[in-house]
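Working notes, structure below.
This one's a predicted model, so the numbers in the text were calculated from it and none came from an experiment.
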Amino acid sequence: MDTGSSSNFFHNAIKSGFPNATNIRTPEGCSPKKPIFVADTRKRGPIVCKFVDSRIAMRDKNISERLVKMGIPVPKININGYIAQWYEVYDFNPNRTLAQHIKSHIDDDRIFETYKQALDIQAKLAECSLDDAYSYSSVGKYFSDVYKITAPVARPKFLTNIYSAMIKILSQWHNIHLVHCDLKPANIICKDDGSLDQIIDVTGIALASEEFAMISILESFPLPDLSEELMDYYDSITHRKLDRKFIRTGLKLIKKKQSFISSIRNCRKNLRSKT
């Protein structure tokens, strides 16, 4: 499916559920390769439509409903279907992401405070009993399973298998908790003053170790010199001690993985250019 036909398909899918939807567009800061759209509707205002695997749609809906009841600031998700494609629907939050605030040169102290707010939510997630966490979904309970379902289709299968195995080892090495494994700046929506307003992309919420979740956070943490302080804060609110050596090793593995993937991509480009 080429870009034009896929775009038409997604727009038709949104129109099937929301006939009066207008101004269907890609959210600011979102990659145009990701099938995520914002559309204006008459009854409920702007909505987000995120096209996902049917298994992910069901688990995300279930997770969001439970977390909203717990008072955790995540969007409440409904799901729609069109032909053989499912998509999540939730109210659009017009506030900017932390990533957008960082581009606007928000103060470092404010960034750190916002991450502390995100870790407060992380700690609350981790307090969920495993019995309750296991009931979130029969598919994709562990983040390693979620990754297998959501891995980019364009990525070579052997790379997906290698990274999935790496995630499984890293995420299940320590005690398992329900955690958000993708707390990056693009998934943290902030108020005008830069403080946390909402956490999005509940697909990243799954069973994994707190160490793996911290590795995922520090991978995109914009203040690397304050990494130790951030981990100290998490230790203080959970009354547990993160395995710092394991986290540092995990970060090194992730960087090597990124370098390896980049090398593979360059090799493939070179081979294509020669043919």
For Lys61 versus Ile79, what's the shortest heavy-atom pair and its separation?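 Closest approach of Lys61 to Ile79, heavy atoms only: CD-CG1, 3.9 Å.
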
Please give me the minimum heavy-atom distance between His11 and Ile24, naming the atom from each residue.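 Reported closest heavy-atom pair: NE2-CG2, 3.6 Å.
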
Presence of salt bridge, [Y] and [X], under 4.0 angstrom:
X      : Y      : value
Glu65  : Lys76  : no
Lys124 : Glu127 : no
Arg244 : Asp235 : yes

With rounding to the nearest 0.5 Å, note down the distance linking [atom1] in [X] to [atom2] in [Y].
X     : Y      : atom1 : atom2 : value
Arg25 : Ile36  : CZ    : CD1   : 14.0 Å
Asn80 : Cys49  : CG    : SG    : 7.5 Å
Leu98 : Lys103 : CG    : NZ    : 12.0 Å

Sidechain-backbone polar pair: [X] side chain, [Y] backbone, donor-acceptor under 3.5 Å:
X      : Y      : answer
Gln198 : Ile189 : no
Ser16  : Tyr82  : no
Glu88  : Ile77  : no

What I want to check is whether the side chains of Arg96 and Ser104 have a donor and an acceptor closer together than 3.5 Å.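 Yes, side-chain donor-acceptor contact under 3.5 Å.
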
Does a side chain donor of either Tyr233 or Asp120 reach within less than 3.5 Å of an acceptor in the other side chain?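 Distance-only check passes for Tyr233 and Asp120.
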
How would you list, by chain and number, every residue that makes a salt bridge (Lys or Arg N to Asp or Glu O under 4.0 Å) with Lys69, sequence neighbours excluded?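 Partners of Lys69 under the salt bridge (Lys or Arg N to Asp or Glu O under 4.0 Å) test: none.
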
Crowding at CD, Glu28 (>12 non-hydrogen neighbours, <6.0 Å):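 Atom CD in Glu28 is not packed in, count stays at 12 or less.
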
Pairs in or reaching into residues 56-75: which pass ring-ring contact (aromatic ring centres under 6.0 Å, His included), with residues at least two apart or in two chains?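 Listed by first then second residue: nothing to list.
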
Give every residue pair that meets the salt bridge (Lys or Arg N to Asp or Glu O under 4.0 Å) criterion with at least one member in residues 187-201, sequence neighbours excluded.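 The answer is Lys50-Asp201.
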
Side-chain touch Leu183/Phe221, heavy atoms, less than 4.5 angstrom: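 SC-SC contact between Leu183 and Phe221 ruled out.
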
